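The model shown is predicted, which means the values in this text are computed figures rather than measured ones. Whatever order the structure lists ligands and atoms in, that order sets their numbers, starting from 1.
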Amino acid sequence: MNDLGRLEDLPEAYRHDLRAKNLVPLWPSLRGVLPPHIPTRQTAATHWAYQDIKPLLLQAGALTPIEKAERRVLVLANPGHTLEKMQASAAMYLGMQLLLPGEWAPSHRHTPNAVRMVVEGEGAYTTVQGVHCPMVRGDLILTPTGLWHEHGHDGTEPVIWLDVLDLPLIYYTETSYHINGDKQDVSSAQSGTDYAVGSVVPMHVFEATAADNAHRDSPLASYPILRYPWVVARDTLLALAQSAPDQKVLQVVYTNPQTGGDAQNILGFYALMVRPGETAQLPVCSPARVLHQIEGETEVVIADQTFAMEAADTCCAPGYTPVAIRNTSTTTPAFLFMADEAPLHRKLGVYERRA
Ligand code: 1HN
């Protein structure tokens with residue numbers, strides 16, 4: 001690599017004149033912003049153990065009433081980006097949210113897209129644009145950009161879930177804001193899971209009656225599934241494991257059945273299964289990835305780092321980096337949830353698979 005001129009090579013008076021006119025010479029920084037062959041990634045391989053998070057989150061429950069927090073969340077911050085930035089990767093935000101019995105997290109909508117992966121507890125629900133979505137362990141609940149959402153809890157034990165948002169990207173593009181709303185009326189017309197078994201879907205999306213046009217005009221029209229029950233993803237993975245005995249990486253993608261494409265615009269969501277004793281080697285791709293252990297135990301190897309993943313643990317891998325998932329049990333399958341930045345990279349035209 002040929003060396004380019006440094007800032008210090010320039011006379012101080014000239015540098016001063018440039019600064020005074022808001023001008024910057026490119027060549028001292030050119031290699032920094034455009035490194036050879038592989039991007040500089042601030043995203044560091046990072047592991048967050050649920051056994052570390054849970055007691056601190058329950059402590060937050062005692063320290064801060066929901067009215068003072070709106071959303072009671074501990075952010076899983078990647079030290080590579082500095083903790084203050086509250087980023088897991090360039091485009092992904094992660095947080096563990098606690099809702100105690102009887103609490104209510106009031107209705108709002110915002111520009112970032114969010115999903116929740118339910119981690120623990122029963123009796124909580126999210127209302128998304130009038131659709132009641134019960135929260136069950138492993139369920140994926142969408143709150144896409146612009147849709148009203150609020151959380152309630154009729155159960156008796158604390159409920160905890162993982163929030164995944166494209167907040168860092170939306171904030172970076174200076175398009176991040178929210179609007180507070182009133183408590184939503186739950187519409188009985190639809191359930192968040194009407195389309196969740198993709199081989200047969202309700203017809204009204206494709207037919208034009210007055211009622212269907214009303215549906216089409218609603219913000220829900222673009223998002224026919226709001227809750228992806230864990231049992232559907234899990235059963236699909238088990239069936240795939242039967243039908244593809246030689247395949248090591250058993251993976252399903254959460255899709256929008258209307259488009260056949262990704263469930264949301266910016267981030268991709270997947271579930272993976274690794275058979276007992278097997279290792280799944282994920283392809284080396286440009287997007288950063290987040291893995292969350294739903295069932296079983298694994299070792300996740302990210303380049304030269306190894307994380308022991310117990311149930312409800314979460315880790316993050318930078319892009320362009322090999323990731324392997326080893327099921328440490330010889331008897332039970334391991335199931336993981338994965339989020340990545342692939343839809344964003346594809347839209348930007350920078351998506352790459354290298355190995
Ligand atoms: C949000 O709206 C929720 O609705 C959770 O539960 C986490 C983090 C940043 C911005 C908005 C929620 C969030 C958030």
Can you find a pair of side-chain heavy atoms, one from V323 and one from R289, that are under 4.5 Å apart?
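The answer is yes, as the side chains (C-beta and beyond) meet within the 4.5 Å cut-off.
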Does the side chain of L94 come within less than 4.5 Å of T314's, by heavy atoms?
yes
Applying a 4.0 Å heavy-atom criterion (strictly less than), which segment of H178 is in contact with ligand 1: side chain, backbone, both, or neither?
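Neither; no heavy atom under 4.0 Å.
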Part of T143 within contact of ligand 1 (heavy atoms, under 4.0 Å)
neither
Answer with yes or no after comparing the ring centroid distance for W104 and H153 against a 6.0 Å cut-off, counting only values under it.
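No, the ring centres sit 6.0 Å or more apart.
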To the nearest 0.1 Å, how far is [atom] from its closest protein heavy atom, and which atom is that?
atom                    : result
atom 12 (C) of ligand 1 : R71 NE, 2.9 Å
atom 14 (C) of ligand 1 : L165 CD2, 3.9 Å
atom 6 (O) of ligand 1  : H151 NE2, 2.6 Å
atom 7 (C) of ligand 1  : D163 OD2, 3.7 Å
atom 9 (C) of ligand 1  : L167 CD2, 3.7 Å
atom 1 (C) of ligand 1  : H110 NE2, 3.7 Å

Does even one non-hydrogen atom of E150 get within less than 4.0 Å of ligand 1?
no
With heavy atoms of Y93 as the reference, note each atom of ligand 1 found under 4.0 Å away.
7 (C), 8 (C)
Need the ligand 1 atom indices (1-based, order shown) with element for anything under 4.0 Å from a heavy-atom of H149.
2 (O), 4 (O)
Taking it one step at a time, do Y93 and V164 satisfy side-chain contact (heavy atoms from CB on, under 4.5 Å)?
CA-CA 6 Å; Y93 156 104; V164 186; over 6 Å; no
When you check the gap from the basic side-chain N to the acidic O, do [X] and [Y] get nearer than 4.0 Å?
X    : Y    : result
R15  : E8   : no
E278 : R326 : no
E122 : R137 : no

Taking atom CD of Q242 as the centre, does the number of heavy atoms from other residues, nucleotides or ligands within less than 6.0 Å exceed 12?
no
Looking at ligand 1, does any of its N/O atoms fall within less than 3.5 Å of an N/O of H108?
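In this structure, H108 places an N or O atom under 3.5 Å from an N or O of ligand 1.
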